[in-house]
Amino acid sequence: MVVRGTAGEIELEYENDVVRLRTGRGTAEKRYGRTGLLENLLRARTGEPLLCDVRDTGAFMRVLEAVRTAPDPAPIADEFVRWAEAGVGQGNPEGDTRHPVVRDVAAWCERAACEQRTFTELGAPWTAPPR
C-alpha cells in the first residue's frame, strides 16, 4: 500500500511488515513485528484489548456490504486473462488450484491510484465491451 503526499510517500509492504518513507531528503525503512489477530482475540478473553475492535470497522464493513450487494461485474474477455498455478508451497497445500490473473493488472492498479481515475477512464483494454 502506498500513500503519496506533496513531500513524499510512505509504503507499507504488508506481507513483510516493512514501512518505507521516501522524501526528497532520502528513504527510511523500518521493519515491524506482527501480532496475529486470532492470537489477540484469544488473549482478549482475559482482558487484553483487541487490536481491531469491531466498533472500529464500520467504514470497512460498509464498503464490504456495498461490494456484496452491487450488481455482478462485467466479465473480462479471455484474451486479457491468464491462468496461474498455485502449487504446493505457494499458499496451496494440495497443489491443484489455478486462479485467473488479469494481464498487467498491477500496472493498471498503480496507474489508477496515481492518476485517481478508473480503469475505464484510463482505457484499460479489458474494460471495453467484447467485439
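What you see below is based on every heavy atom in this structure, not just the backbone, and it leaves out hydrogens, waters and symmetry mates. Because the structure is predicted, anything quoted here is derived from the model rather than measured. Each residue takes its place number in the sequence, starting with 1.
- Between atom CG of residue D78 and atom CH2 of residue W126 there is a gap of 15.0 Å, rounded to the nearest 0.5 Å.
- Taken together through direct or relayed side-chain contacts under 4.5 Å among Ile, Leu, Val, Met, Phe, Trp and Tyr, Y32 and L21 form part of one hydrophobic cluster.
- Atoms NE2 and CD, from H99 and E85 in turn, are 9.0 Å apart once rounded to the nearest 0.5 Å.
- In this structure the side chain of Y14 reaches within 4.5 angstrom of the side chain of R34, judged on heavy atoms.
- To the nearest 0.5 angstrom, I76 atom CD1 is 9.0 Å from T127 atom OG1.
- Evaluation of the salt bridge (Lys or Arg N to Asp or Glu O under 4.0 Å) rule for R4 yields E9, E110 as partners, not counting sequence neighbours.
- Here E11 pairs with R20, R22 under the salt bridge (Lys or Arg N to Asp or Glu O under 4.0 Å) rule; sequence neighbours left out.
- Contact record, C52 with T57: SG-CG2, 3.7 Å, taken as the closest heavy-atom pair.
- Across A44 and L50, no two heavy atoms sit closer than the pair CB-CD2, 3.5 Å.
- Within a 6.0 Å sphere centred on CG of D56, other residues, nucleotides and ligands contribute more than 12 heavy atoms.
- Follow the hydrophobic side-chain contacts under 4.5 Å out from W83 and you reach V105 in the same cluster.
- With a 6.0 Å radius and a threshold of 12 heavy atoms from other residues, nucleotides or ligands, E115 has its CD atom above the threshold.
- Summarising the geometry, atom CG belonging to N40 is positioned 12.0 Å from atom CZ belonging to R45; distances are rounded to the nearest 0.5 Å.
- With respect to R62 and E65, no salt bridge is recorded, no charged nitrogen being found less than 4.0 Å from a carboxylate O.
- L42 and L51 sit in two unconnected hydrophobic clusters of ILVMFWY residues. Membership requires side-chain heavy atoms under 4.5 Å apart, directly or through other members.
- Under the 4.5 Å side-chain heavy-atom criterion for ILVMFWY residues, a single connected hydrophobic cluster contains both V3 and V19.
- Closest non-hydrogen pair, A124 versus W108, comes out as CA-CH2, 3.5 Å.
- R117 contributes atom CZ, which lies 6.5 Å from atom CZ of R111 (distance to the nearest 0.5 angstrom).
- With hydrogens and angles ignored, the 3.5 Å screen pairs a side-chain donor or acceptor of T118 with a backbone N or O of E121.
- Under a hydrophobic-cluster definition in which Ile, Leu, Val, Met, Phe, Trp and Tyr are linked whenever side-chain heavy atoms come within less than 4.5 Å, directly or via other members, L37 and L64 are assigned to different clusters.
- Remark: D104 pairs with no residue by the salt bridge (Lys or Arg N to Asp or Glu O under 4.0 Å) rule, at least two apart or across chains.
- Atom-to-atom distance recorded for E48:CD and L41:CG is 10.5 Å, nearest 0.5 angstrom.
- Scanning both residues, V81 and P100, for their nearest heavy atoms gives CG1-CB, 3.7 Å.
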